[in-house]
Amino acid sequence: MTPLELEAAAARAFAAEYGEPAEVAARAPGRVELLGNHTDYNGGLVLAAAVDRYTAVVGRARPGREGRVYAANFEGSARFPLADITRGAVGTWPNYVKGVAWAMQEALGAELTQGFEIAVAGEVPLGAGLSSSASLQASVAFFLLQAGVAPGKTIDEYVGEHSDAARMDLAMVLRRSENAFVGVSSGLLDQFSSLFGREDHALFLDCQSLEFARVPLGSPGPAIVVCDSKTSRRLADGMYNRRFAECNAVVDHFKAKRGDDVKLLRDVSLAELEADWDALDPTCRKRARHVLTENERVRRGVAALRAGDLAGFGKLISASHASSRDDFENSSPALDALVEAAEESPGFLGGKLSGAGWAGCTVNLVEADKADAFAEAVRRGYFERQNLEPEVHVCRAAEGASSRPLEA
Ligand code: GLA
């Protein structure tokens, strides 16, 4: 589906639900994590790409102090008062919409200027590691800006060459929404990627200094092939926050030793970790080693891309998967099988799990002209190993969030 077809689907759902046409449309992409797995909340380095799979939000401002949302994918709706936005049951989708309204009001220190009604349609696979949640957040935020509902902010600040500073502020507001409202201790990777995407570019971010860069993947760029293992990570919910705690246990060790300038794992070097190896908890030290070696792989990955060395870049991606599997232990038999099937498929340059892990997707860098043959071979190889059909998405690195008025 093209983004315009997706917006049209959302617009039809809007008209059916609310009986009137939508007035503005916004969309934002999902993302893959190319390198830098679980580094973001540790103040580390990431290399990601927005991909051409979107969530679309259409709607209009309406008088009154209520937010209304209809989600076409779930055929479900929610309503909430803007004056008192409270979280619903854990893990339910309206929290992501409410959380954006909540965090924008918090950050701006003022209420949204009006109520709103929206319909959402998405094609980012859910719970699969492509951050459908950040694409929903970013598209809702762009809707609110485009509809003129956000107090004291206009959409113009978020568009064009000079919009990066405003987008970075927005990424942090959306992260706060996920941390403080939805209740997941995630870092900035997902929101940053959905807002900063650029066609055929990877996105580098230093999560401590917020320095970032859009790094060309080459022209034409390689295919980014996402393979969905069709295993769900619901069983592993809670594991993410546990890893967050394990990383922080190592931070606490170095804080006790070196003082308060150690705030995040980023403030600890690999050499220091190795020097204190025997004094550290055997599980937590492996988690930290993964994070610190990932930072290094991101540095080398950026250099490889800048040198046009896609083969070298691919090898770093595969090394990242091995480190996730062995040290961070956030892979699974299904994800490992998908990576093994990819390794023996045509055009393969590198592959790893993407996002939180434990289930969901792998991301593979593949020579563009071999992407279809690759997809076919992975389907076969994974089925042979797991007796499951994967879903394969051949993607390109894509533009970040955008919005526009709709014609009457
Ligand atoms: C999830 C989180 C991100 C990041 C990744 C792992 O996708 O939302 O913030 O921590 O996991 O790198």
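Treat the numbers as computed from the prediction; the structure is a model and nothing was measured. All heavy atoms count here, side chains included; hydrogens, waters and symmetry mates do not. Read the numbers this way: they start at 1 and go in the same order the structure lists the ligands and their atoms.
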Practice task
Determine, for Arg258 against Glu272, whether the closest basic-nitrogen to carboxylate-oxygen distance falls under 4.0 angstrom.
Solution key: yes
Fill in the blank from the handout: On a heavy-atom basis, the closest approach of Val251 and Lys263 is CG1-O, 3.6 Å
List, pair by pair, the atoms of ligand 1 and of the protein that are both N or O and lie under 3.5 Å apart, giving the separation rounded to 0.1 Å.
from     : atom 1 : to     : atom 2 : distance (Å)
ligand 1 : 7 (O)  : Arg31  : NH2    : 2.8
ligand 1 : 7 (O)  : Asp190 : OD2    : 3.4
ligand 1 : 8 (O)  : Asp190 : OD2    : 2.4
ligand 1 : 9 (O)  : Asp40  : OD2    : 2.6
ligand 1 : 9 (O)  : Gly187 : N      : 3.1
ligand 1 : 10 (O) : Asp40  : OD1    : 2.8
ligand 1 : 10 (O) : Asp40  : OD2    : 3.4
ligand 1 : 10 (O) : Tyr240 : OH     : 2.6
ligand 1 : 11 (O) : Ala356 : N      : 3.2
ligand 1 : 12 (O) : Glu33  : OE1    : 2.6
ligand 1 : 12 (O) : His38  : N      : 2.7

Exercise for the section: Look at Arg175 together with Asp190 and state whether they make a salt bridge at an N to O cut-off of under 4.0 Å. Expected result: no
Exercise for the section: Could you label the plane-to-plane angle of the Phe80 and Phe116 rings as parallel, tilted or perpendicular, counting under 30° as parallel and over 60° as perpendicular? Expected result: perpendicular
Problem - Mutual orientation of the aromatic rings belonging to His38 and Tyr240 [parallel < 30°, tilted 30-60°, perpendicular > 60°] - result: tilted
Exercise for the section: Search all heavy atoms of Arg198 against all heavy atoms of Glu399 and return the closest pair with its distance. Expected result: CD-OE2, 3.5 Å
